[in-house]
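Worksheet: the structure to be examined is printed underneath.
By convention in this document, chain letters (A, B, ...) are assigned in the order of the sequence lines, proteins followed by strands, and residues within each chain are numbered from 1. Just so it is clear, the model here is predicted, and its values are computed rather than measured.
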Number of protein chains: 2
Amino acid sequence: MSANVETIRHSASHVMAEAVLRLRPGSKVAIGPAIDDGFYYDFQLTEPIREEDFPAIEKEMRKIIASGAKFERREVSKADAMKLFADEPFKLELIEGLEEGTISLYEQDGFVDLCRGPHVESTREIRPDAFKLRSVAGAYWRGDEKRPMLTRLYAYCFASKAELEAHLKMLEEAEKRDNRRLGKELDLFSTHEEAGAGLVYWHPKGGRFRVALENWWRDEHYANGYEILFTPHIGKSWLWETSGHLGFYKESMYSSMKIDEDDYYLKPMNCPFHIMIYNSNAHSYRDLPLRWAELGTVYRYERSGTLHGLMRVRGFTQDDAHIICTPAQIGDEIAEVLRFSLSMHRTLGFKDIKAYLATRPAGDGAVGAPEMWDTALESLRKAVEKEGLAYEMDEGGGAFYGPKIDIKVKDAIGREWQLTTIQFDFNEPERFDMTYVDSDGQKKRPYMVHRALLGSIERFFGVYLEHTAGAFPLWLSPEHAVVVPVAPTFDEYAKAVEGKLRAAGLRAKADLSDSRMNAKIRDAQNQKVPYVLVVGGREAEEGTVAVRVRGGEQLPPMKVEAFVERAKAKLAEKALDL
Amino acid sequence: MSANVETIRHSASHVMAEAVLRLRPGSKVAIGPAIDDGFYYDFQLTEPIREEDFPAIEKEMRKIIASGAKFERREVSKADAMKLFADEPFKLELIEGLEEGTISLYEQDGFVDLCRGPHVESTREIRPDAFKLRSVAGAYWRGDEKRPMLTRLYAYCFASKAELEAHLKMLEEAEKRDNRRLGKELDLFSTHEEAGAGLVYWHPKGGRFRVALENWWRDEHYANGYEILFTPHIGKSWLWETSGHLGFYKESMYSSMKIDEDDYYLKPMNCPFHIMIYNSNAHSYRDLPLRWAELGTVYRYERSGTLHGLMRVRGFTQDDAHIICTPAQIGDEIAEVLRFSLSMHRTLGFKDIKAYLATRPAGDGAVGAPEMWDTALESLRKAVEKEGLAYEMDEGGGAFYGPKIDIKVKDAIGREWQLTTIQFDFNEPERFDMTYVDSDGQKKRPYMVHRALLGSIERFFGVYLEHTAGAFPLWLSPEHAVVVPVAPTFDEYAKAVEGKLRAAGLRAKADLSDSRMNAKIRDAQNQKVPYVLVVGGREAEEGTVAVRVRGGEQLPPMKVEAFVERAKAKLAEKALDL
């Protein structure tokens with residue numbers, strides 16, 4: 001009775017297939033795997049299914065569940081399997097692709113499916129109140145647009161009703177926070193298919209967020225011993241051949257541009273440029289470690305179907321850095337990167353943070369001596385342990401050029417997002433012949449580590465927008481305060497308050513439009529402005545403001561100067577509350 | 001006797017041609033125009049000329065000058081001219097390209113040249129001590145690499161000896177300040193032919209300059225009513241067809257990249273992207289004026305032979321902005337842009353500033369109603385006059401899409417550099433159908449103005465590097481102070497001083513290397529570090545520093561705290577002195 005949720009989901013997909021065949025007899029079945037929050041099944045239907053048909057399918061599924069039918073495993077020869085599925089062309093094609101030998105089938109309640117399993121023992125192990133049909137979509141057989149278009153039915157499915165309900169509630173909340181929706185409502189950014197999909201245009205208010213974020217990022221990097229570089233967005237093929245990107249990364253790069261007689265490529269990564277700077281001078285061990293950062297905008301090809309708001313784009317600005325150091329320094333450097341990363345995430349208000357360590361991939365594609373992998377992995381593990389961070393191992397999950405840590409944070413509605421990546425590179429220092437002269441006078445190869453703390457500015461903006469539902473902390477808010485006069489008589493005082501706030505460096509405006517007071521307040525609240533300062537006769541007389549804090553709280557009337565002090569203090573400490 | 005200098009230069013080029021023919025009889029002559037600081041002449045020589053031949057040529061020229069030969073003008077028919085130059089193939093080709101009719105020749109001292117003139121009356125008007133042969137180079141006939149390679153002889157030439165000497169001195173000074181040389185000596189930036197010519201890599205110290213400059217630029221823009229945008233570096237052909245760039249600007253654009261089925265281009269300008277943002281919302285007259293700025297990196301094709309350090313590059317970051325406003329607002333907006341521009345140049349220490357107004361080009365290629373051109377030009381002229389700025393008119397020198405002001409500053413050695421451009425655009429608002437709803441409820445077309453104040457960050461860095469010879473004002477200096485202990489005994493105190501300076505936000509380092517004190521001081525001075533703080537026994541005991549200011553001055557010993565206050569005050573006021 002304690003089947004894992006993936007087994008339950010997969011079993012439920014068989015139940016759904018059976019239900020669909022009952023309601024659409026003669027339909028053909030294709031495949032039906034478990035996915036992240038449920039399952040799907042692909043059909044070639046005799047008659048279409050629409051959303052209004054979902055209740056009937058769910059009802060039929062509940063009947064099958066209630067029947068308590070057993071999932072029974074059978075093994076047959078390939079030839080027998082082909083006879084059994086003679087009438088199911090998609091299954092036949094799958095069977096044809098299998099090697100000779102026994103093939104496993106699962107049967108429940110008369111419905112037989114080609115399947116590796118495992119499954120629950122009986123349909124009763126699927127909770128009748130813990131699944132829900134979600135959507136119907138077209139999907140090409142085997143993802144190939146030249147093959148038949150099938151109908152894919154998606155469903156949510158969990159081990160318990162409570163989990164399903166929590167998930168649906170989270171989705172409803174996520175829908176409200178969708179970065180594309182908030183981006184429009186708050187006028188933060190746009191994308192323009194006609195001018196190029198997956199490319200982000202930052203509007204004035206998005207720009208204010210980004211400038212505040214990047215200013216802080218630069219200050220923190222300088223304060224933590226980094227230097228900031230600026231490098232070009234394009235490089236000649238020589239650079240990408242040397243780095244190896246044209247060999248192992250070309251499908252993610254844009255096609256080349258011809259300039260004079262040379263091929264140039266938009267950069268998908270900043271590293272070769274930083275290495276060019278490193279190699280333009282000789283280096284001694286005394287110069288190391290170097291910590292070189294850049295807010296470098298890179299371009300990578302993603303299929304247009306996968307593009308999604310700020311979360312998946314084709315052009316993005318990595319908050320990149322490269323650490324170049326001696327083997328003796330690597331332990332301290334990694335510990336320092338991790339500490340720095342966590343301190344930034346905590347300033348931003350993330351509390352639930354987890355690390356994922358990826359080790360040397362199997363096979364002999366990996367570069368770098370085994371002892372370098374060991375040293376590197378050891379430094380990653382020690383750093384995580386020093387910070388007392390929860391972590392999981394991803395054995396064999398490293399890139400061919402080195403092990404890494406990814407750091408994921410949980411957002412306000414429980415979703416996990418990867419922000420930081422800290423990645424060793426044993427490949428490029430070799431390819432570019434990077435060296436330093438050690439204290440013994442010998443030329444040696446330095447260690448190089450790539451790292452991005454926020455990941456990319458665009459994606460981080462999307463994550464943070466969804467995490468905060470657009471209610472940014474004061475220091476990242478495009479506007480700090482809106483001053484609303486209770487009537488036009490007080491426009492002048494509102495303007496004077498605006499002037500005082502601006503003189504103090506606050507991003508403030510007086511709303512002197514023709515709207516009524518309540519509409520102005522509502523508008524500012526909808527725009528998630530942290531403070532609405534309402535001013536009327538009493539305030540004008542006493543030099544005060546009535547402060548409504550975002551979220552509803554009303555503060556006792558205070559002098560304008562007292563409000564300015566309060567806001568400046570919150571800004572200075574990058575407070576998460578108002 | 002008061003012939004203008006261009007006439008003198010052109011006459012001197014004939015004299016040089018005569019001298020060369022005397023020394024290399026049988027050589028053929030091509031063309032010999034006046035240029036900025038002298039002249040050149042192209043020859044097909046019977047025997048090469050090298051730099052060591054210059055004195056002989058100069059001597060021969062002085063003989064011709066001393067002869068006092070007259071420059072005599074003659075007019076002949078095309079047929080006669082062809083007979084006369086039967087032995088000069090390059091002249092013949094030039095004559096063939098001329099229309100029928102009379103052709104003017106100039107003769108001095110038996111040397112006849114095909115020439116429009118004018119010339120001085122006699123060779124005596126050329127000062128024998130006011131010219132100097134400069135260099136010899138290859139040059140293709142008519143700039144065409146398929147035609148013969150000729151020898152080009154360059155010379156400096158002025159109206160007086162004093163002017164020549166001042167010019168040579170300026171060149172010597174310019175050579176020392178060459179941005180490529182200082183960029184290397186001060187480790188500020190590099191370019192890498194093998195990875196792509198004309199692309200700038202900013203090293204850590206260059207990055208510090210750029211971050212300080214851009215931080216200031218952003219602060220000033222926000223304080224002056226601008227918003228800051230961020231837009232992509234690439235756009236689909238639709239965007240560039242709509243903007244018109246693929247029609248009138250294609251040769252300056254890089255070739256396209258194919259992404260899926262579409263052609264994308266690197267942006268040579270930011271404007272279409274800002275317009276996309278404008279057009280993504282409806283606008284009322286109440287929203288205007290909009291001032292939208294971006295530090296937007298653009299890429300433009302330049303022939304590789306014209307690339308030059310930071311001064312002429314292929315990728316550069318414009319400090320761009322677009323002003324979008326109603327016709328009624330245009331006067332105030334232009335005045336405001338000019339005021340803002342001048343205030344920035346003055347903060348940077350430029351005192352000698354001049355404007356150049358360019359008006360509607362002749363012909364019917366210009367777009368926009370004549371009254372729009374008049375309004376626009378009037379607003380430009382009024383703005384210049386309001387600021388009391390010296391200006392010159394460049395009649396017909398505007399782009400086809402609108403009039404403009406260019407602003408040039410003189411650097412420390414008297415060279416003029418264009419920084420600001422303020423440019424009307426009557427083209428793109430039409431092409432993108434930009435509108436706003438006016439107070440009368442009607443949709444109307446806004447005015448749009450492009451402007452860049454520093455021009456580009458790369459070129460400005462080059463200009464400023466040469467203007468200051470790398471001795472930046474404190475606030476733009478990559479390093480503020482270096483602490484030098486008189487002996488290793490005081491390393492600890494030097495480190496403590498460094499700590500105090502850093503805690504106060506100063507960019508400081510203690511030089512604890514093995515070098516001797518004097519070498520450390522010299523090194524810091526060579527690196528143009530504003531303050532060198534020398535510390536020994538007395539300083540350690542009293543908590544003071546001995547301050548050597550860049551340029552040589554030594555300040556009386558002062559407490560570390562007093563030095564910090566002094567430096568912070570200079571930083572806060574962006575002082576030009578130390």
Side-chain angles (χ1 to χ4, degrees), chain A residues 187 189-190 192 194-197 199-208 210-211 215 218 222-223 227-236 238-239 242 254-260 262 264-266 272-273 276-277 280-281 286 290 292 294 297 299 301 303-304 314-315 317 457 502 507 513, chain B residues 187 190 192 194-197 199-208 210-211 215 218 222-223 227-236 238-239 242 254-260 262 264-266 272-274 276-277 280-281 286 290 292 294 297 299 301 303-304 314-315 317 457 502 507 513:
Chain A
D187 197 16
F189 74 92
S190 56
H192 299 274
E194 67 274 36
L199 303 170
V200 180
Y201 292 61
W202 296 69
H203 292 207
K205 293 210 290 175
R208 284 175 177 254
R210 181 162 170 175
V211 167
N215 282 347
R218 279 185 289 264
Y222 276 134
E227 295 289 348
I228 295 176
L229 311 179
F230 297 83
T231 67
H233 298 92
I234 57 175
K236 225 151 91 168
W238 173 86
L239 189 69
T242 307
Y254 282 14
S255 73
S256 66
M257 289 166 283
K258 188 71 93 186
I259 300 174
D260 296 333
D262 300 305
Y264 282 70
Y265 292 87
L266 266 178
F273 297 88
M276 290 300 290
I277 294 178
S280 61
N281 287 312
R286 292 179 207 266
L290 294 171
W292 284 354
E294 177 172 20
T297 305
Y299 290 84
Y301 179 71
R303 280 182 305 114
S304 64
R314 283 179 172 166
T317 304
I457 302 295
R502 288 198 179 174
R507 302 191 277 266
S513 67
Chain B
D187 197 16
S190 56
H192 300 274
E194 67 274 38
L199 302 171
V200 181
Y201 293 61
W202 297 69
H203 292 206
K205 293 210 290 174
R208 284 177 176 253
R210 180 161 171 175
V211 167
N215 282 347
R218 279 186 288 265
Y222 276 135
E227 295 289 347
I228 295 176
L229 311 180
F230 297 83
T231 67
H233 298 93
I234 56 173
K236 225 152 92 168
W238 173 85
L239 189 69
T242 306
Y254 282 13
S255 74
S256 66
M257 291 166 281
K258 190 70 93 184
I259 301 173
D260 295 332
D262 300 304
Y264 282 70
Y265 291 87
L266 267 178
F273 297 87
H274 290 199
M276 290 299 289
I277 294 179
S280 61
N281 288 312
R286 291 178 207 268
L290 293 171
W292 284 355
E294 178 172 17
T297 306
Y299 289 85
Y301 179 71
R303 278 183 305 117
S304 63
R314 284 179 170 166
T317 304
I457 301 296
R502 287 198 180 175
R507 303 192 276 266
S513 68

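Heavy atoms of B:S190 lying under 4.5 Å from chain A belong exclusively to its side chain. With a threshold of 4.5 angstrom between heavy atoms, A:F273 approaches chain B through its backbone and through its side chain. B:F230 touches chain A through backbone and side chain together, each having a heavy atom under 4.5 Å away. With a 4.5 angstrom heavy-atom cutoff, B:T317 does not touch chain A via any of its atoms. When heavy atoms are compared at a cutoff of 4.5 Å, B:L290 does not approach chain A at all. With a 4.5 angstrom heavy-atom cutoff, B:R502 does not touch chain A via any of its atoms. Of the atoms belonging to B:H203, heavy atoms from both backbone and side chain fall under 4.5 Å from chain A.
Looking at residues two or more places apart in sequence or on another chain, you find a salt bridge (charged side-chain N to carboxylate O under 4.0 Å, His left out) between A:K236 and A:D262. By the salt bridge (charged side-chain N to carboxylate O under 4.0 Å, His left out) test, A:R208 pairs with B:E227, sequence neighbours left out.
Of the listed residues (B:R286, B:H274, B:R210, B:K258), the one with the most heavy-atom contacts under 4.5 Å to chain A is B:R210. Of all the listed residues (A:T231, A:I259, A:N215, A:T242), the one sharing the greatest number of non-hydrogen pairs under 4.5 Å with chain B is A:I259. Among the candidates B:V200, B:L239, B:I277, the residue making the largest number of heavy-atom pairs closer than 4.5 Å to chain A is B:I277.
When all heavy atoms of B:Y264 and A:A197 are compared, the pair lying nearest together is OH-N, 3.6 Å. Among all heavy-atom pairs drawn from B:P232 and A:Y201, the shortest one is CG-CE1, 3.8 Å.
Under the 4.5 Å side-chain criterion, counting only non-hydrogen atoms from C-beta, B:H192 is in contact with A:S280. For the pair B:W202 and A:I228, the minimum side-chain heavy-atom distance is 4.5 Å or more. Contact annotation: the side chain of B:Y301 never approaches that of A:M257 to less than 4.5 Å [non-hydrogen atoms, C-beta and beyond].
Of the inter-residue distances, the one linking A:R507 atom CZ with B:Y222 atom OH reads 7.5 Å to the nearest 0.5 angstrom. Note that the CD1 atom of B:I234 and the CG atom of A:L266 stand 5.5 Å from one another [nearest 0.5 Å]. One finds the CE atom of B:M276 at 10.5 Å from the CG atom of A:L199 (value rounded to the nearest 0.5 Å).
B:Y299 and A:H233 have perpendicular rings, their planes meeting at more than 60° on a 0 to 90° scale where under 30° would count as parallel.
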